[in-house]
Trainee: 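Attaching a single structure in structure tokens format; questions to follow.
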Amino acid sequence: MALTENRHWLKFWLKSAPVPSASTQGLVMSEETPDSLEAARLEKLRKIEALGLDPWGRRFDDHQAIESVRQVALPEKVEGADEPPRPRVRIAGRIVLKRGQGKVAFLQVRDWTGTIQAMIGKNQVGEGGWAIASELDLGDLIGVDGGLGLTKTGELTVFAESLTFLGKSLLPPPEKWHGLTDIEKRSRQRYVDLAHNPESLQAFLGRSKVVSAFRKVLGEKGFVEVETPTMQAIAGGAAAKPFITHHNTLDLDLFLRIAPELYLKRLLVGGMERVFEIGRVYRNEGISPKHNPEFTMLEAYQAYGDYHAMMDLTEALIVGAIEALDGVYRRPWGEDMVDFTPPWPRRTYFDLFREYAGVEPTDSEAVRIKAESLGIATAGKDPDVIVSEVFEETVEDALHGPIFVIDYPAAICPLTKRKASDPAVAERFELFVRGIELANAYTELNDPLLQEKLFQGQLAGQKAEDSMAKMDDDFVRALKHAMPPAGGLGVGIDRLCMLLLNKASIRDVILFPLMRPEQ
RNA sequence: GCCCUCCUAGCUCAAUUGGCAGAGCAGCUGACUCUUAAUCAGCGGGUUGUAGGUUCGAGUCCUACGGGGGGCACCA
């Protein structure tokens with residue numbers, strides 16, 4: 001197979017490669033649309049074809065990652081002896097920089113592991129090869145075979161012996177020093193961003209490592225990965241507005257899921273004791289640096305566990321992600337640093353409330369006065385809601401984290417099991433880092449009768465615009481078959497990646513964030 | 001949905017109070033066999049997001065629209 005493929009490799013400087021004649025070049029110039037950079041590149045493409053080469057390349061086996069080539073040990077130079085032989089290497093990548101120097105040219109070739117210099121000398125490659133090398137543009141994809149050595153200035157270099165054309169770039173790359181900075185173009189044309197801004201590529205490769213690490217940690221702890229419907233007749237498991245879609249044959253309106261929760265809990269009923277899903281959820285709400293309409297969530301459920309088990313799991317997951325990235329626990333965040341060294345503090349909601357709001361949370365009147373002083377309207381509001389708003393205003397932004405906020409007022413999390421010792425407190429935690437809510441977990445409610453009542457209460461309180469919410473009778477029926485007491489966890493993968501990769505916007509960790517169409 | 005703000009060459013950015021739209025990179029031509037964002041000489045490249053308006057004159061001021069960014073609202 002490899003030998004067959006070999007014949008298709010189109011070498012640059014076969015001795016027989018013809019040199020374009022002066023008259024051909026003159027013709028070429030006159031045909032060129034003067035104001036088009038693309039036209040100039042199309043012309044080069046035709047020249048490459050005229051030389052019998054395929055500008056779009058073929059399979060290119062056995063090339064080495066540039067990063068690994070950079071690790072190759074060079075033979076020692078011995079005094080008085082000839083130059084030591086150069087180790088042979090084969091690389092493939094994109095030309096990101098080009099420096100002509102008369103009858104020699106230096107290229108910087110980049111793949112997804114790194115960048116290395118290649119040198120092409122006219123005397124080394126012959127007239128035919130040199131003619132083609134002259135047509136190389138920034139952005140073209142090439143394979144380089146050659147010897148690895150140092151230049152006079154000590155730069156590690158592949159001294160080209162043959163090149164393989166692997167792809168012609170018809171559009172010019174962004175500015176070589178600044179790269180592509182326009183945030184809109186970087187998102188819309190992510191291919192350009194990835195190809196020419198190495199730090200962007202690294203961020204997305206980092207995101208992939210985070211997700212892989214999650215799967216590894218969960219697997220080691222005995223969780224199984226499942227996939228549940230993203231198109232649902234009843235979009236439950238969270239309080240968010242769904243997207244609507246339609247199945248033609250069934251003539252059925254469906255919702256894109258706002259959470260996988262209710263399906264994963266059905267699996268707990270079915271005896272899948274540790275399940276997780278990493279998947280997209282869709283919420284038809286505003287867009288911000290922390291919100292994209294579709295985002296990726298981990299949800300994990302552990303039968304016979306509780307929210308404390310989920311806290312341990314959360315810590316293990318994020319530690320696993322950091323180890324997969326680089327093992328550095330003190331991480332930059334803007335101008336700031338975040339220290340992820342575990343264990344992270346676990347503080348109760350009321351404790352933090354007392355500390356940051358300076359008010360006793362159970363003293364409704366004191367809380368109301370504090371709220372008014374913060375400019376929060378209190379008229380007609382439930383005292384628990386006011387507590388929650390004061391908490392958000394005074395505590396959340398002040399939490400540098402990582403910190404687990406635990407034991408929430410039961411009134412603001414109705415679908416959570418209450419503490420046996422104190423029915424006013426729900427067994428819930430949220431993990432905060434720099435004001436960002438990274439994870440949310442509960443000891444899950446498994447009482448079908450209470451669940452049904454809460455559904456009804458939720459529906460009664462529904463606004464007209466949210467009227468697509470429906471009672472999920474099947475979920476209640478599932479609980480009636482007995483769901484084991486369980487801990488449940490949700491982690492926003494995108495937000496975690498923002499924190500770990502030091503990106504200010506969720507759009508910097510989502511390959512193709514939602515945008516209005518061009519034009 | 002509301003408020004603020006940005007949009008100039010392929011890319012990165014200038015343009016004084018409203019007064020002839022510029023530079024660097026990239027491109028093209030030429031020189032150069034060890035460069036490092038190579039350098040040097042020369043050349044080309046624009047419906048200033050779109051449409052109106054004010055003005056002798058608009059990249060600049062006004063209005064609407066489109067797109068982006070930030071904020072508010074929304075968001076267990």
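Computed from a prediction, not measured in an experiment: that's the story for all the values here. Residue numbering restarts at 1 for every chain, and letters A, B, ... go by the order of the sequence lines.
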Trainee: When the P atoms of B:C3 and B:A73 are considered, how many whole Å apart are they?
Mentor: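 Pairwise P distance, B:C3 against B:A73, rounds to 15 Å.
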
Trainee: Looking at B:A37, B:A76, B:C74, which one has an atom nearest to any side-chain atom of A:Leu97?
Mentor: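 Selected nucleotide (nearest to the side chain): B:A37.
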
Trainee: Here's a test of your reading of the structure: between A:Lys185 and A:Gly237, which maps to the more 5' nucleotide of RNA chain B?
Mentor: A:Lys185

Trainee: Is it the case that B:U35 (base atoms only) and A:Gln117 (side chain only) share a donor and an acceptor within less than 3.5 Å, ignoring hydrogens and angles?
Mentor: yes

Trainee: Please measure how far the P atom in B:G30 lies from the corresponding atom in B:G66, and state the result in whole Å.
Mentor: 49 Å

Trainee: Can you build the contact string for nucleotides 64-70 of chain B? Use B for base contact, S for sugar-phosphate-only contact, and - for no protein heavy atom under 4.0 Å.
Mentor: --SSSSS

Trainee: Over all strands shown, is A:Arg283 touching base, sugar-phosphate only, or nothing at heavy-atom distances under 4.0 angstrom?
Mentor: nothing

Trainee: Classify the nucleic acid contact of A:Gly100 as base, sugar-phosphate or nothing, counting any heavy atom under 4.0 Å across all strands shown.
Mentor: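 A:Gly100: base contact, heavy atoms under 4.0 Å.
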
Trainee: Could you check how far CD of A:Glu135 sits from P of B:C28, rounded to whole Å?
Mentor: 9 Å

Trainee: So which protein nitrogen or oxygen atoms get under 3.5 Å of nucleotides 21-25 of chain B's nitrogens or oxygens?
Mentor:
| unit_1 | atom_1 | unit_2 | atom_2 | d |
| --- | --- | --- | --- | --- |
| B:C25 | O3' | A:Lys176 | NZ | 3.3 |

Trainee: Between B:C7 and B:G49, how far apart are the two C1' atoms, rounded to whole Å?
Mentor: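 After rounding to an integer number of Å, I get 6 Å for this pair.
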
Trainee: Partners of A:Phe404 by ring-ring contact (aromatic ring centres under 6.0 Å, His included), sequence neighbours excluded?
Mentor: A:Trp344, A:Phe429

Trainee: Under a 3.5 Å cut-off for both distances, is B:G18 Watson-Crick or wobble paired, and to whom?
Mentor: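 Base-paired to nothing in any strand shown.
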
Trainee: At 4.0 Å (heavy atoms only), tell me whether A:Lys44 reaches a base, stays on the sugar-phosphate, or touches nothing.
Mentor: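 Contact class for A:Lys44: sugar-phosphate only.
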
Trainee: Charged N to carboxylate O under 4.0 angstrom, A:Asp447 versus A:Lys417?
Mentor: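 Looking at A:Lys417 together with A:Asp447, the answer is no, because their closest N to O distance does not fall below 4.0 Å.
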
Trainee: Output yes when a side-chain donor or acceptor of A:Asn502 lies under 3.5 Å from a complementary backbone atom of A:Gly334, and no otherwise.
Mentor: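 Yes; at least one donor-acceptor contact below 3.5 Å.
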
Trainee: Is the base of B:U35 touched by the side chain of A:Thr151 through a donor-acceptor pair closer than 3.5 angstrom?
Mentor: yes

Trainee: Expressed in whole Å, how much space separates the C1' atoms belonging to B:G53 and B:A58?
Mentor: 11 Å

Trainee: Between A:Leu514 and A:Glu294, is a side chain to side chain contact (heavy atoms under 4.5 Å, CB included) present by the stated rule, with each step listed?
Mentor: CA-CA 8 Å; A:Leu514 183 68; A:Glu294 56 176 317; 5.8 Å; no

Trainee: Tell me what A:Tyr442 touches on the nucleic acid: a base, only sugar-phosphate, or nothing, going by heavy atoms under 4.0 Å.
Mentor: base

Trainee: With respect to the side chain of A:Phe159, which nucleotide from B:A76, B:C34, B:C74 is positioned closest?
Mentor: B:C34

Trainee: Roughly how far apart, to the nearest Å, are B:G22 and B:G46 at atom C1'?
Mentor: 11 Å

Trainee: On a whole-Å scale, what distance lies between the C1' atoms belonging to B:U55 and B:U12?
Mentor: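 These two C1' atoms come out 33 Å apart once rounded.
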
Trainee: Could you tell me whether A:Asp140 and A:Lys98 make a salt bridge, using a distance below 4.0 angstrom between a side-chain N and a carboxylate O?
Mentor: no

Trainee: Under 4.0 Å between a side-chain nitrogen and a carboxylate oxygen: does that hold for A:Arg266 and A:Asp474?
Mentor: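 Salt bridge present between A:Arg266 and A:Asp474.
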
Trainee: Between B:U39 and B:G24, how far apart are the two P atoms, rounded to whole Å?
Mentor: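 Here B:U39 and B:G24 have their P atoms 12 Å from each other.
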
Trainee: If the threshold is 4.0 Å, N to carboxylate O, is there a salt bridge linking A:Arg46 and A:Glu49?
Mentor: no

Trainee: Considering only atom P, compute the distance from B:A31 to B:A14 and round it to an integer number of Å.
Mentor: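 Result for the P pair: 37 Å, nearest Å.
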
Trainee: Choose from B:C75, B:G27, B:U33 the nucleotide whose nearest atom is closest to any side-chain atom of A:Asn123.
Mentor: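 Nearest listed nucleotide: B:U33.
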
Trainee: Would you call A:Arg86 and A:Glu161 a salt bridge, taking side-chain N to carboxylate O under 4.0 Å as the test?
Mentor: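 Answer for the salt bridge query: no.
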
Trainee: Heavy atoms from C-beta onward define the side chain here; which of B:C28, B:U33, B:U35 lies closest to that of A:Gln124?
Mentor: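 Of the options given, the side chain of A:Gln124 lies nearest B:U33.
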
Trainee: Contact class for A:Gly286 (heavy atom, under 4.0 Å): base, sugar-phosphate, or nothing?
Mentor: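 Base contact.
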
